[in-house]
Amino acid sequence: QLQLVESGGGLVQPGGSLRLSCAASGFTLNYYVIGWFRQAPGKEREGVSCISSSGGSTKYADSVKGRFTISRDNAKNTVYLQMNSLKPEDTAIYYCAAVHIGVQAMCVMSSARFGSWGQGTQVTVSS
């Protein structure tokens with residue numbers, strides 16, 4: 001079965017940094033587009049970033065562009081989200097998700113396109 005596990009969340013002060021990891025098992029990461037999403041309390045889930053199966057194409061939400069960087073290491077079956085210059089409004093549960101390239105080959109940030117989801121990791125930005 002396809003499994004994704006997020007890690008790296010925690011409490012950080014505004015302006016600080018965190019690196020989230022999304023470890024995959026049960027499938028070959030090379031054949032999946034990976035997306036990062038987040039959901040704050042009382043808010044709708046929103047797309048944060050995505051990366052193509054090869055890592056050659058990435059997308060970012062305007063709210064995080066220039067501050068967050070998505071990357072992948074297919075040899076380690078892991079995708080990362082480096083988050084710098086964190087703001088209180090970044091506080092949310094962060095999820096990674098996967099979609100097979102046979103279903104969706106282009107990098108997208110629409111949650112409906114992703115069939116496999118991790119359990120989420122909490123990121124709290126506060127002074």
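Heads up: numbering here begins at 1 and tracks the sequence.
- In this structure, Y95 and W117 have perpendicular ring planes: the angle between them is above 60°, well past the 30° mark.
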task = Start with the C-alpha distance between L86 and Q13, add both sets of side-chain angles, then the distance that settles side-chain contact (heavy atoms from CB on, under 4.5 Å), and finish with yes or no.
result = CA-CA 8 Å; L86 284 163; Q13 292 184 319; over 6 Å; no
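- Of the possible polar contacts, one joining the S49 side chain to the K59 backbone as a donor-acceptor pair under 3.5 Å is found.
- Applying the disulfide (SG to SG under 2.5 Å) definition to pairs two or more places apart or across chains, those involving residues 29-74 are C50-C107.
- At a threshold of 4.0 Å, the pair D62-K65 counts as salt-bridged, since one of the basic side-chain nitrogens sits closer than that to a carboxylate oxygen.
- For the pair D90 (side chain) and S63 (backbone), a donor-acceptor distance under 3.5 Å is absent.
- The side-chain tip of R19 points at the ring of Y80 from less than 6.0 angstrom away and within 45° of straight on.
- For W36 and F68, the ring centers are positioned 6.0 Å apart or more.
- Between H100 and F27, every side-chain heavy-atom pair lies at or beyond the 4.5 Å cut-off.
- Remark: E44 CD is loosely packed, at most 12 non-hydrogen atoms of other residues, nucleotides or ligands lying under 6.0 Å away.
- For the pair E6 (side chain) and C96 (backbone), a donor-acceptor distance under 3.5 Å is present.
- At distances below 3.5 Å, not a single donor-acceptor pair connects side-chain atoms of D73 with backbone N or O atoms of T78.
- Going from atom NZ of K43 over to atom CD1 of I93 covers 15.0 Å, rounded to the nearest 0.5 Å.
- Between the S110 side chain and the V108 main chain, no donor and acceptor come within less than 3.5 Å of each other.
- Distance CG/L81 to OG1/T121: 11.0 Å, rounded to 0.5 Å.
- Cluster membership check: V5 does not share its hydrophobic cluster with V79, using side-chain heavy-atom separations under 4.5 Å among Ile, Leu, Val, Met, Phe, Trp and Tyr.
- The heavy-atom pair separating L2 from S116 by the smallest distance is CD2-OG, 3.3 Å.
- Heavy-atom minimum distance, G47 versus A61: O-CB, 3.5 Å.
- Residue I101 is grouped with residue F114 when hydrophobic side chains (ILVMFWY) are merged at heavy-atom distances under 4.5 angstrom, including chains of intermediate members.
- Note that CG of L4 and OG of S25 are 7.5 Å apart. Values are rounded to the nearest 0.5 Å.
- To the nearest 0.5 angstrom, N30 atom CG is 7.5 Å from N77 atom CG.
- Closest non-hydrogen pair, P14 versus S127, comes out as CD-N, 3.7 Å.
- Following chains of ILVMFWY side-chain contacts shorter than 4.5 Å, one can reach V103 starting from V33, so the two form part of one hydrophobic cluster.
- Under the 3.5 Å distance criterion, the side-chain polar atoms of Y60 are matched with a main-chain donor or acceptor of I70.
- Following chains of ILVMFWY side-chain contacts shorter than 4.5 Å, one cannot reach V125 starting from L11, and the two form parts of different hydrophobic clusters.
- Cluster membership for L20 and M109, using ILVMFWY side-chain heavy atoms within less than 4.5 angstrom, is not shared.
- The backbone N or O of G55 lies less than 3.5 Å from no partner atom in the side chain of R72, so there is not a single donor-acceptor pair.
- Taking every heavy atom of both residues into account, A24 and L29 meet most closely at CB-CD1, 4.1 Å.
- Here CD of E46 is found 4.5 Å from CZ of R38. Values are rounded to the nearest 0.5 Å.
- In this structure, the separation between OG on S54 and CG on N74 is 8.5 Å, given to the nearest 0.5 Å.
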